[in-house]
Amino acid sequence: MKTLSLALLALPLLAQAAEPPQDPATAKAQKGMAQMKHGGMGHGMPAMAQGQKPHDMKKMDPGAMGHDMAAMDKNDKAPPPAGDSRDPNAYADGYTLDSGPYALPGPRQLHMGDEHQFAHLLLDQLEWRGQGDSAYDGQAWYGNSFDKAVLKAEGDWAKDKLEEARTELLWSHAVSGFWDAQLGARFDGGEGPERRWLALGFQGLAPYWFELDVTAYLGEQGRSALRLDADYELLLTQRLVLQPKIEANFYGKDDTERGIAKGLSDASAGIRLRYEFSRQFAPYVGFEWQGRFGKSASLARQEGQATREGRWLAGVRFWF
């Protein structure tokens, strides 16, 4: 009997010894849960009043809920900024454009990058062609990234006389990142009567880096014309550039006074090799072939002119 009593007394001790050791963090969590069960909610939040519901917590004293909880009243608003605070909607350092709620009095202070006006002159060809012949081809423009006034000029000198000249004054508007639509007037001079045309075309950079200039013309007495100009720049080195170029002119009706016939009137194909001492200045040498076709060739023969001609040339290209 005595032995049975001792065994019963040892059972609780054996059960306690068989339990695994408890993690300190787990023991602390269990202690906190026991406190909440008996009415306490820890040091950070006081016990709820008897009968108080959770959604009535906003009625409790905010100070008793710790300094990390803000007032929960939906009517509360953020405090106004200090008097010396910078307006977050104003432009940098107070500089503004000439319109809008933050415009400042006086002359305009800021301009966007695409609003600036620039000028450019490119003389693509200024060359000697032998036997007293020479030629020029270039253009100049003034304006911004979207709209420009463009002046194009091309002409041939033969035996100290202006044989043929084409001058165009155009308004150019960017229609995409690589193309400009152009509208204006063309004036033809040189030998024969002057001609005036209305010009409409486009100029830009085609895929594979071909530069194209295509323009249609409407003239007096029902005249019409189409001009195609294409060139490509092949960089052999950083300074040595090979430039092939072709040009063709089509007309809608005969103009015998200027040696022009209906259809493909004339075309040229040339190649020029230039050396760029700088990007703005480059002398070159090359070869160009010119020809007249159809009735235009017949008119040239009547005037004692060659209908097919190839010649060497030398010149200079510059821009600024």
Side-chain angles (χ1 to χ4, degrees), residues 114 118-127 129 135-156 164-186 188 197 199-217 225-250 264-291 313-320:
D114 57 5
F118 298 97
H120 178 75
L121 170 65
L122 167 63
L123 198 59
D124 192 46
Q125 298 174 16
L126 181 61
E127 60 193 30
R129 296 180 174 179
Y136 64 90
D137 184 5
Q139 62 177 289
W141 58 259
Y142 176 80
N144 55 43
S145 301
F146 294 99
D147 296 288
K148 305 180 185 71
V150 179
L151 176 66
K152 298 180 182 180
E154 181 180 7
D156 297 325
E164 184 179 358
R166 174 184 56 86
T167 305
E168 298 181 39
L169 182 59
L170 307 167
W171 168 69
S172 180
H173 176 72
V175 294
S176 70
F178 296 94
W179 294 100
D180 288 355
Q182 298 179 336
L183 175 66
R186 164 181 164 178
D188 290 347
W197 310 79
L200 175 63
F202 60 89
Q203 181 178 8
L205 192 64
Y208 302 100
W209 307 101
F210 287 92
E211 293 194 19
L212 293 180
D213 187 354
V214 181
T215 311
Y217 305 95
L226 177 67
R227 177 177 174 273
L228 306 176
D229 190 340
D231 66 80
Y232 181 81
E233 293 188 348
L234 177 63
L235 272 69
L236 303 179
T237 69
Q238 289 295 318
R239 293 185 179 273
L240 200 59
V241 182
L242 188 65
Q243 182 186 32
K245 181 176 182 178
I246 60 173
E247 181 180 334
N249 292 284
F250 301 82
L264 176 60
S265 176
D266 61 89
S268 64
I271 188 166
R272 293 166 175 82
L273 179 65
R274 69 175 184 263
Y275 184 82
E276 296 183 342
F277 287 98
S278 70
R279 296 301 183 191
Q280 291 80 20
F281 179 80
Y284 63 84
V285 294
F287 181 84
E288 185 176 67
W289 175 88
Q290 292 181 331
L313 49 89
V316 62
R317 177 184 190 268
F318 64 89
W319 63 268
F320 58 86

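Values below: all heavy atoms of this structure, side chains included; hydrogens, waters and symmetry mates excluded. Numbering starts at 1 and runs along the sequence shown.
- To the nearest 0.5 Å, atom CG of residue Asp147 and atom CH2 of residue Trp141 are 11.5 Å apart.
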(request) Go through the steps for Gln125 and Gln243 under the test side-chain contact (heavy atoms from CB on, under 4.5 Å), then give the verdict. (result) CA-CA 12 Å; Gln125 298 174 16; Gln243 182 186 32; 5.8 Å; no

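- From Arg186, atom CZ reaches atom CG of Leu200 across 13.5 Å, with rounding to the nearest 0.5 Å.
- In terms of heavy atoms, Ala174 sits closest to Ser145 at CB-O, 3.8 Å.
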(request) Walk me through it: do Tyr284 and Leu273 pass the test side-chain contact (heavy atoms from CB on, under 4.5 Å)? (result) CA-CA 5 Å; Tyr284 63 84; Leu273 179 65; 5.9 Å; no

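- Side-chain contact between Tyr142 and Leu151 is absent, with no heavy-atom pair separated by less than 4.5 Å.
- Distance CZ/Arg317 to CD/Gln280: 10.0 Å, rounded to 0.5 Å.
- A salt bridge between Lys245 and Glu247 is absent, with no side-chain N of the basic residue lying under 4.0 Å from a carboxylate O of the acidic one.
- Looking at Leu313, Asp124, Val285, Asp231 one by one, the single match for side-chain contact (heavy atoms from CB on, under 4.5 Å) with Arg272 turns out to be Leu313.
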Show every donor-acceptor pair shorter than 3.5 Å between a side-chain atom in residues 205-213 and any protein atom, with sequence neighbours excluded, or say none if there are none.
residue, atom, partner, partner atom, Å
Asp213, OD1, Lys152, NZ, 3.2
Asp213, OD1, Thr215, OG1, 3.4
Asp213, OD2, Lys152, NZ, 2.8

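- Within a 6.0 Å sphere centred on CZ of Phe287, heavy atoms belonging to other residues, nucleotides or ligands number more than 12.
- Between the CZ atom of Phe320 and the CG atom of Leu123 there is a distance of 9.5 Å, given to the nearest 0.5 Å.
- For the pair Ala181 and Val175, the tightest heavy-atom approach, listed with the atom from each and the gap, is CB-CG1, 3.8 Å.
- Aromatic ring orientation, Trp319 versus His120: tilted (interplanar angle from 30° to 60°).
- With hydrogens and angles ignored, the 3.5 Å screen pairs a side-chain donor or acceptor of Arg239 with a backbone N or O of Phe277.
- Once rounded to the nearest 0.5 Å, the distance linking CG of Leu170 with CD of Gln139 reads 9.0 Å.
- Rounding to the nearest 0.5 angstrom, the gap separating the CZ atom in Phe281 from the CD atom in Glu276 is 11.5 Å.
- By the neighbour-count criterion of 12 heavy atoms within 6.0 Å, atom OH of Tyr232 is densely surrounded, having more than that number from other residues, nucleotides or ligands.
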